[in-house]
Amino acid sequence: MPHECPSSRWLVSTDWLAERLGAADIVVVDGSSYLPTMNRDAAAEYLAGHIPGAVRFDIDAIADHSNPLPHMLPDATQFARDVGALGIADTDTIVAYDGAGLYSAPRVWWTFRLFGAKNVFILDGGLPRWKAEGRPLEAGPVERTPRTFRARKDADRVASLAAVRAALTSGSAQVVDARPAERFLGQAPEPRPGLRSGHMPGAFNVPSTSVIENGRLAPPEKLRRAFATGGVDLEAPVITTCGSGLTAAILWLALDALGKEPKALYDGSWSEWGSRDDLPIEPKA
């Protein structure tokens, strides 16, 4: 049975957005991004049809290009420049969505909040729900008047490799991996070439799919069950991780919905850890 009451304070309904489309202080952001193995082209899909007025936030473009890892966070100066050019101010009400329902939008939501925007939300059910309800779409690019985004990066919310290693060694925080169980257990290859299979010794596994139901965040009791199944203590600090820092934000949203906001997100995630031969891995090859 679909849950009509959003399970997170950061989710807004399609009705809520439809009533406010075109308002001066509302910016709709298409944050779609897909793994290569999904065989979907986010840029082409955006141009073919998006929520009217939505700008496209490309996590691979608004990223640190000096870092070879995928879509690593930019610095505050670049974020302010790139997002301001999209016509987004830090004072705007920002509504992010993606074409999968709930996949990459939480990463976009988390990133905007990291850089100081306060009123950032996720469209409950995303573009699939919007389309299923027969709501309007528009094609082609969207140009908004450039705005000033005053960015400040909350560095404490981003875990470095050193911080993750320290947490795993000391137990000061639980490192919770959002990848599918098969990848976590080293039974399935990574979608990105050149990465070893397995997980960080001491990490917990709560697949992002276990907190999603029909393209939406699952109800609180199901969220609690997913973390309990993964062995996670909701009363202890958490660092979320995944393949590239994307689905780790889904776990962030889920934990926040339970009133247990994580300590940090490991931006490098398995793309960094799995590419280094000097780091321990389980199961051992």
Query - D30/R56 salt bridge by N-O under 4.0 Å criterion - result: no
**Report entry** Polar side-chain atom of R216 near backbone of I212 as donor-acceptor pair, under 3.5 Å
**Finding:** no
Query raised in the report: Which is it for L251 and V206 under the side chain to side chain contact (heavy atoms under 4.5 Å, CB included) test, yes or no, and what are the steps along the way?
Result: CA-CA 8 Å; L251 294 189; V206 178; 4.0 Å; yes
Report summary line: E133 and T14 have their tightest heavy-atom pair at OE1-OG1, 2.7 Å
Requested in this report: Provide the closest heavy-atom pair for P283 versus G198 in the form atom of the first, atom of the second, distance.
Outcome: CD-CA, 4.1 Å
Query raised in the report: Is there a side chain to side chain donor-acceptor pair (under 3.5 Å) between S104 and S32 once you walk through the steps?
Result: CA-CA 6 Å; S104 54; S32 302; 5.2 Å; no
**Report entry** Intermediate values then yes/no, side chain to side chain contact (heavy atoms under 4.5 Å, CB included), F121 and I94
**Finding:** CA-CA 6 Å; F121 301 94; I94 301 157; over 6 Å; no
Report task. Using the side chain to side chain donor-acceptor pair (under 3.5 Å) rule, take R179 and T247 through it: C-alpha gap first, then chi angles, then the decisive distance, then the call. Result -> CA-CA 8 Å; R179 291 178 302 153; T247 59; over 6 Å; no
Query raised in the report: Which distance, rounded to the nearest 0.5 Å, do you find between the CG of L127 and the CZ of R135?
Result: 12.0 Å
Query raised in the report: If we ignore angles and hydrogens, is there a donor and acceptor under 3.5 Å between the side chains of S13 and D15?
Result: no
Query raised in the report: Does the side chain of I88 reach to within under 4.5 Å of the side chain of V29, using non-hydrogen atoms?
Result: yes
Requested in this report: Would you check if V164 and S160 make a side-chain contact, meaning some heavy-atom pair closer than 4.5 Å?
Outcome: no
Report task. With the side chain counted from C-beta on, respond yes when E213 and P219 share a heavy-atom pair under 4.5 Å apart, and no when they do not. Result -> yes
Requested in this report: Check whether any side-chain heavy atom of I59 lies under 4.5 Å from a side-chain heavy atom of T111, and answer yes or no.
Outcome: no
Query raised in the report: How long is the gap from CG on L73 to CZ on R157, to the nearest 0.5 Å?
Result: 12.5 Å
Query - Which residues share a side chain to side chain contact (heavy atoms under 4.5 Å, CB included) with P136, sequence neighbours left out - result: P52, W130
**Report entry** Qualifying ring-ring contact (aromatic ring centres under 6.0 Å, His included) pairs with a residue from residues 48-79, counting only residues at least two apart or across chains
**Finding:** Y46-H50, F57-F112, F79-F112, F79-F115, F79-F149
Report summary line: side-chain contact (heavy atoms from CB on, under 4.5 Å) with E261: of V238, L255, D256, only one passes, and it is D256
**Report entry** D92 and R147 ion-paired at < 4.0 Å
**Finding:** yes
Requested in this report: Compute both the distance and the angle, then confirm whether R113 meets the cation-pi test with W10: under 6.0 Å from the six-membered ring centre, within 45 degrees of the axis.
Outcome: yes
Requested in this report: Please determine, by modelled atom types, if S244 and S271 share a side-chain donor-acceptor pair under 3.5 angstrom.
Outcome: no
Query raised in the report: Going from CG on N205 to NE2 on H199, what distance comes out if it is rounded to the nearest 0.5 angstrom?
Result: 8.0 Å
Query raised in the report: Under a 4.5 Å side-chain heavy-atom rule over Ile, Leu, Val, Met, Phe, Trp and Tyr, are W270 and F184 clustered together?
Result: no
Query raised in the report: Under a single-linkage definition using a 4.5 Å side-chain heavy-atom cutoff for Ile, Leu, Val, Met, Phe, Trp and Tyr, are V158 and V108 assigned to the same hydrophobic cluster?
Result: yes
Query raised in the report: Going from CG on D124 to CG on L17, what distance comes out if it is rounded to the nearest 0.5 angstrom?
Result: 11.5 Å
Query - Student check: side-chain heavy atoms of D277 and R196 closer than 4.5 Å - result: yes
Query raised in the report: If you count the non-hydrogen atoms of other residues, nucleotides and ligands that lie under 6.0 Å from NZ in K131, is the total more than 12?
Result: no
Query raised in the report: Going through the checks in order, is the side chain to side chain contact (heavy atoms under 4.5 Å, CB included) test met by R276 and L161?
Result: CA-CA 11 Å; R276 297 207 11 187; L161 172 61; 3.2 Å; yes
Query - Whether R144 side chain and G87 backbone form a donor-acceptor pair below 3.5 Å - result: yes
Query raised in the report: Within a strict 4.5 Å, meaning less than it, do heavy atoms of the F204 and D177 side chains meet?
Result: no
Query - Heavy-atom check, side chain of M200 versus side chain of P280, under 4.5 Å - result: no
Requested in this report: Report yes or no: does K153 contribute a side-chain atom to a donor-acceptor pair with the main-chain N or O of P74 at less than 3.5 Å?
Outcome: yes
**Report entry** Atom of Y103, atom of D98 and distance for their closest heavy-atom approach
**Finding:** N-OD2, 2.7 Å
Query - side chain to side chain contact (heavy atoms under 4.5 Å, CB included) partners for T148, two or more places apart - result: R150
Requested in this report: Could you pull out the closest heavy-atom pair between T240 and A248, with the gap in Å?
Outcome: OG1-O, 3.2 Å
Report task. Check the surroundings of atom CD in E143: do more than 12 heavy atoms from other residues, nucleotides or ligands lie under 6.0 Å from it? Result -> no
Requested in this report: Following the transitive rule for hydrophobic clusters with a side-chain heavy-atom cut-off under 4.5 Å over Ile, Leu, Val, Met, Phe, Trp and Tyr, establish whether M72 and W252 coincide in one cluster.
Outcome: no
Query raised in the report: Is it true that L168 and I281 fall in one hydrophobic cluster, defined by side-chain heavy atoms closer than 4.5 Å?
Result: yes
**Report entry** D233 with K260: basic N within carboxylate O range, under 4.0 Å
**Finding:** no
Report summary line: CG (N119) and CG (D25) are apart, to the nearest 0.5 Å, by 9.0 Å
Report summary line: In terms of heavy-atom contacts, P207 and P180 come closest through CB-CA, 4.3 Å
Query raised in the report: Nearest heavy-atom pair of Q174 and G231: which atoms, and what distance?
Result: OE1-O, 4.2 Å
Query raised in the report: Are L69 and L265 connected, step by step, through hydrophobic side chains (Ile, Leu, Val, Met, Phe, Trp, Tyr) whose heavy atoms are closer than 4.5 Å?
Result: no
Query raised in the report: Heavy atoms, side chains only, cut-off 4.5 Å: are V12 and I122 in contact?
Result: no
Report task. Would you give the length of the straight line joining atom CG of D64 to atom CD of Q78, rounded to the nearest 0.5 angstrom? Result -> 7.0 Å
Query raised in the report: Side chain of Y97, backbone of I51: donor and acceptor closer than 3.5 Å?
Result: yes
Query raised in the report: Does S197 use its side chain to pair, donor to acceptor, with the backbone of G186 at less than 3.5 Å?
Result: no
**Report entry** Worked check of side chain to side chain contact (heavy atoms under 4.5 Å, CB included) between Y34 and E45
**Finding:** CA-CA 11 Å; Y34 305 106; E45 288 185 23; 3.7 Å; yes
